[in-house]
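Report on the following structure.
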Amino acid sequence: MGAAAKHKLGYMDEHYQPNKIEQEAQRYWEEQQVFKAREDSTQEKYYCLSMFPYPSGKLHMGHVRNYTIGDVIARYQRMQGKNVLQPMGWDAFGLPAENAAMQNKVPPARWTYDNIAAMRKQLRSLGFAYDWERELATCDPKYYRWEQWLFTRLFKKGVIYKKSGVVNWDPVDQTVLANEQVIEGRGWRSGAPVEKREIPMYYFRITAYADELLAGLDHLPGWPEQVKAMQRNWIGKSRGMEVYFPYAGGNGVLKVFTTRPDTLMGATYVAVAAEHPLAAKAAAKNAKLHAFIEECKKGGVTEAELATQEKKGMATGEFVMHPFTGEKLPVWVANYVLMGYGEGAVMAVPAHDERDFEFATRYQLPIKQVIRPADANCAEPLTAAYTEHGVLFNSGEFDGLDFEGAFNKMEAALKAKKLGESRIQFRLRDWGISRQRYWGCPIPIIHCSRCGDVPAPDDQLPVVLPEDIVPDGSGNPLAKLARFYETSCPRCGGKARRETDTMDTFVESSWYYARYCAPDATHGMVDGRARHWLPVDQYIGGIEHAILHLLYARFFHKLMRDEGLVTGDEPFTKLLTQGMVLAETFYRVHASGKKEYFFPRDVKIERDAKGRTVAASLNSDGQPVTVGGIETMSKSKNNGVDPQQLIDQYGADTARLFMMFAAPPEQSLEWSDAGVEGASRFLKRLWKLAVAHVSQGTVAAFNGQYSLTPEQSELRRAVHRALAKVSDDVGRRYTFNTAIAAVMELTNALTKFDDASDTGRALMQEALEIVTLTLSPIVPHVAHALWRALGHQEAAVNARWPQVDESALISDTIDLVVQVNGKLRGHVSVASGAAREAVEAAALADANVKRYIEGRQIRKLIVVPGKLVNIVVA
RNA sequence: GCCCGAGUGGCGAAAUUGGUAGACGCAAGGGACUUAAAAUCCCUCGGCCUAAACAGCCAUGCCGGUUCGAUUCCGGCCUCGGGCACCA
């Protein structure tokens, strides 16, 4: 390049220098405060939110993917002229901080705030369009104060209540363990056998909202079906009947719940859970039964353990009477009956329930068939339970009825005898939020021996968590910290003890989306600004939160609505669940059987002539390693790639581009170093193309006012066709991979377009402007630099999304495909407005087509305008 | 067991409403430039047949169906991934 041409580049460098242009762009955005969101009622609002991270200390690739998707959507909406809010914050309470504290002897608060600083810096270097003034951390008393405030209100309302719950208890560490922390029945830290213990806990009455949480899913068209299905499953609504079995020779009834009242006449015994009051009563006079019940209670509480357990039981010696026949039925204790569902008791119908069949067979209890298929008789004797719906027999007055008929008639009969009625049962349980841990939001309750559990009054909030503690791993340090728990009762003024449990960290993450609207509100959880911004228009996060977080947040939104804090029933209008980031694994199996995983960059891959991987070896010793397949990036598989390395080496734009290009957002993404190289190459090519254009001097973009040669019109058609596709892909479909592919295709065409005429250069200017703007949500830094280089004073970040010029899409001729009997036989070119007859004639005239229709009778001619002609011959 | 989702070249993927299967990228092979290498640029690239083809045949997990036409719709199966699970 000559000196004169170089001069014309202005401040555009001849070579693409990501670090330099990224710093420049970020400095500009920060100085101009372009991402600061203001409540402006004259502009349409758009609230784009990505799930906030746990401040572990370092971003991982999953974060980069999540936040890039969110940023692309936010920046696109901004270019549509919307007033965009995109905030970021920290889900800052939780166990890892306590573990790190124990290891490093540093208080969790210090560790957490240091991590936040490090990760904030990383996020900034990726150029996300966040309004950093709204940043929040859930461990900040200014945040959790309002959580405590809501807690006290809900406690007074009865939406939060206290009861004893069964938990995993580590007797050495004196703490409750999560199911994940129980390994083969022992505490993960202490190694002590875990006990089941009943301790008092605070619960959110989420079951009161079960119906609304379920029904609301039908009004969320912007949510993935998969997530809705998982939530429906979790809530687990079933319609059934409560049936009362009167105690034989005593007062009262034994309640059971069943979804199959039609099988009632086949009940041959009744089974209760080990924790059922009747079991305890019977055990009082029966030592063997007592021992059996204790054994049942000792077993693990995890679902997996329960599912694999063998069915066991013991007769209680008690009897109940069948509500219709009066027949005496024995009551058994069975380990397959759960205290937490229904009534903790079931009517057992061995003929029509698999579990009851297995149990009855084992203990030789009677099996009575009462349901048969509508068109056949049942096998006699049964070899397995018949669990389908069918027609009743052996059921007296109910014989011949189907499921619905039996349900209704049985309900009427039970009601008449006051021995039962229909009921809806949910699988969903109330949400226990007490945690015997230090690094969490204190539960704002004061225990007074005279006044009971008293919520902390508003003027005593927040109940501040001391931040200078280093936990030692045994129990909750708050319970040993007199300056924390010693207090006085707000009601009677007497000596009282503060609750030392903290809340489940899912509580903080259930309402942060609302707090971002008014992060500095000092008089309430949120203020009027929440009504301006909510609901979140687009929420983006991992599928792993499909149930818990997303269900709790929906629940909280309804709680806040019922407190008059927010309007609307749902917090998130649209939800996008991004796929995982995967990478290749390599390992060696050692003599001990232990697998050692190697970092992919330390491994050399050998390929065959077709490029297939045939073997791999370690760079350091040249010896072979096993190719372990594609797995989720993780520490244990040693296949994680550090985003920082990637940013340092290639720049943020390359990282963002690769992430968006490798797969559509909802699918899993396979990491590929070569793919990253490819993304980087594309940006270099684009830069070079712009340099070549700009170095020839400035030119105004083509405005459509003068005529073009066929080559020029073809190029302009390609430009606007690409624009139309990218607009749809980014704006509607969220298929950023195909949007990028379309721009790449266009860039390839531009590289080949060699036209130095004024018109040609004006077309190139228009094309480069469109490429720059359509890529700008994905690679905002390079777009910022290119936009300036193309001669614009206004920054790219403030530019509007370009408009398709429909007139550019019109072509004089259209290429059609000609099929004979559905097989492709030729191509023809016709005038775009050609009549059907002309199209048919052209198709029939094609030389190759003629070979296939010659001497045959044409039975049908199908013309799909603009697409194809299919000639059907006999 | 129940509920979702997915199966397309050597690989990641595309084909949006039933209309040209494999866009775009990666890897691989060949060439140009270079003292050389890297970088860059150009060409080839599903399989079979063929000297070659813009001639043909086969091909979207398998088997069938609907249709002028099926990766796409329907039925049955297989495999993989995810979720839930003694939920009465």
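Letters A, B, ... are given to chains in the order of the sequence lines, protein chains preceding strands, and every chain is numbered from 1.
Counting any heavy atom pair closer than 4.0 Å across all strands shown, A:Lys688 reaches sugar-phosphate atoms only and no base atom. Residue contacts shown for A:Val349 are absent, as no nucleic acid heavy atom lies under 4.0 Å away. Contacts of A:Val872 with the nucleic acid, taken as non-hydrogen atoms under 4.0 Å apart, involve only primed sugar atoms and P, OP1 or OP2. Among the protein residues, A:Gly236 comes within range of no part of the nucleic acid, since none of its heavy atoms lies under 4.0 Å from any strand. The residue A:Glu354 sits apart from the nucleic acid: no heavy atom pair falls under 4.0 Å. The residue A:Arg859 sits apart from the nucleic acid: no heavy atom pair falls under 4.0 Å. Within 4.0 Å of A:Arg232, counting heavy atoms only, lies no atom of the nucleic acid at all. As judged by a 4.0 angstrom heavy-atom cut-off over every strand, A:Lys725 is placed among the base-contacting residues.
Comparing the same atom, P, in B:C11 and in B:G64 gives a spacing of 26 Å after rounding to whole Å. To the nearest whole angstrom, the two C1' atoms, one in B:G47 and one in B:G22, are 13 Å apart. Here the separation of B:A88 from B:A21, taken at their P atoms, is 50 Å to the nearest Å. The same atom, P, is picked in B:U35 and in B:A51; the two are 42 Å apart, to the nearest Å. Nucleotides B:A32 and B:G82, compared at atom P, are 50 Å apart to the nearest Å. Comparing the same atom, P, in B:U72 and in B:C49 gives a spacing of 29 Å after rounding to whole Å. Rounded to a whole angstrom, the distance from the P atom of B:G56 to that of B:G5 is 40 Å. Taking atom C1' on both B:U20 and B:A15, the two are 10 Å apart, rounded to the nearest angstrom.
Base orientation of B:G61: anti, the glycosidic angle falling outside 90° of 0.
One finds no salt bridge joining A:Glu358 and A:Arg362 here, because no Lys/Arg side-chain nitrogen approaches an Asp/Glu carboxylate oxygen to under 4.0 Å. Taking a cutoff of 4.0 Å between a charged side-chain nitrogen and a carboxylate oxygen, A:Asp218 and A:Lys228 do not qualify as a salt bridge. Ion pairing of A:Glu745 with A:Lys725 is absent here, as no side-chain N (NZ or NE/NH1/NH2) approaches a carboxylate O to less than 4.0 Å.
Within a 6.0 Å radius of NZ in A:Lys312, no more than 12 heavy atoms belonging to other residues, nucleotides or ligands are found. In this structure, A:Glu544 places its CD atom where more than 12 heavy-atom neighbours from other residues, nucleotides or ligands lie under 6.0 Å away. Residue A:Gln649 places its CD atom among more than 12 non-hydrogen atoms of other residues, nucleotides or ligands, all under 6.0 Å distant. More than 12 heavy atoms of other residues, nucleotides or ligands shown are found within 6.0 angstrom of CZ on A:Arg423. Taking a 6.0 Å sphere around CZ of A:Arg856, one finds it holds 12 or fewer heavy atoms contributed by other residues, nucleotides or ligands.
No hydrogens or angles were tested; on distance alone, nothing pairs the side chain of A:Asn233 with the base of B:C84 as donor and acceptor under 3.5 Å. A donor-acceptor contact under 3.5 Å is formed by the side chain of A:Arg732 with the base of B:U16.
Relative to the side chain of A:Arg681, the nucleotides B:C86, B:U40, B:C68 differ in distance, and B:U40 lies closest. Here B:G12 is the nucleotide among B:C87, B:U20, B:G12 with the atom lying nearest to any side-chain atom of A:Glu670. Of the candidates B:C84, B:G69, B:A88, the closest approach to any side-chain atom of A:Val337 belongs to B:A88. For A:Val864, taking side-chain heavy atoms from C-beta onward, the closest of the listed nucleotides B:A88, B:G19, B:G83 is B:G19. Listed nucleotides: B:G19, B:G25, B:C26. Nearest to the side chain of A:Phe661: B:G25. When each of B:A14, B:G83, B:C86 is scored by its nearest atom to the side-chain atoms of A:Pro664, the top-ranked nucleotide is B:A14.
The distance from atom CZ of A:Phe658 to atom C1' of B:G25 is 10 Å, rounded to the nearest whole Å. In this structure, the CG atom of A:Leu214 is 19 Å from the P atom of B:C87, given to the nearest Å. Taking atom CG of residue A:Leu428 and atom P of nucleotide B:C84, one finds them 14 Å apart after rounding to whole Å. Whole-Å rounding puts the A:Ile814 CD1 to B:G19 C1' distance at 15 Å. Distance A:Ile547 CD1 to B:C4 C1': 12 Å, rounded to the nearest Å. In this structure, A:Lys237 places its NZ atom 20 Å from C1' of B:C2, rounding to the nearest Å. Nucleotide B:C84 holds its P atom 11 Å from the CD atom of A:Gln226, rounded to whole Å. The nearest whole Å value for the distance from the CH2 atom in A:Trp223 to the P atom in B:C4 is 19 Å.
Using a 4.0 Å cut-off, some side-chain N or O of A:Asn848 falls inside it from OP1 or OP2 of B:G56. Residue A:Arg685 places none of its side-chain N or O atoms closer than 4.0 Å to OP1 or OP2 of B:U40. Remark: A:Arg429 is not in phosphate contact with B:C87, judged by side-chain N or O atoms under 4.0 Å from OP1 or OP2. Remark: A:Gln819 is not in phosphate contact with B:G19, judged by side-chain N or O atoms under 4.0 Å from OP1 or OP2. Phosphate contact (OP1/OP2 of B:C2, side-chain N/O of A:Arg427, threshold under 4.0 Å): absent. The phosphate of B:C58 has OP1 or OP2 within less than 4.0 Å of a side-chain N or O from A:Lys823. Between B:G56 and A:Tyr852, a contact under 4.0 Å exists linking OP1 or OP2 to a side-chain N or O.
A distance of 10.5 Å separates CG of A:Leu220 from CG of A:Leu550, quoted to the nearest 0.5 Å. In this structure, A:Ile630 CD1 and A:Glu584 CD are separated by 4.0 Å, a value rounded to the nearest 0.5 Å.
Heavy-atom distances to RNA chain B give each of A:Glu358 and A:Glu225 a nearest nucleotide, and the one nearer the 5′ end belongs to A:Glu225. Each of A:Leu669 and A:Ala674 was matched to the nucleotide of RNA chain B holding its nearest heavy atom; the match closer to the 5' end belongs to A:Leu669.
Checked against the 6.0 Å centroid threshold, A:Phe506 and A:Trp431 do not count as a close aromatic pair.
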Kindly express the pairing pattern of RNA chain B in dot-bracket notation, using | wherever a base pairs with another strand and counting only Watson-Crick or G-U pairs under 3.5 Å.
(((((((..(((......[....))).(((((.......))))).(((.......)))..(((((..]....))))))))))))....

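Relative to the ring axis of A:Phe359, A:Lys311 does not place its NZ or CZ within 45° and under 6.0 Å from the centre. A:Arg825 forms a cation-pi arrangement with A:Tyr852, by the criterion of a distance under 6.0 Å to the ring centre and an angle within 45° of the ring axis.
Within residues 735-748 of chain A, the residues approached by RNA chain B to less than 4.0 Å at the level of any non-hydrogen atom are A:Asn737, A:Thr738, A:Ala741, A:Met744, A:Glu745, A:Asn748, in residue-number order.
Smallest separation of non-hydrogen atoms from A:Leu844 and A:Leu861: CD1-CD1, 4.5 Å.
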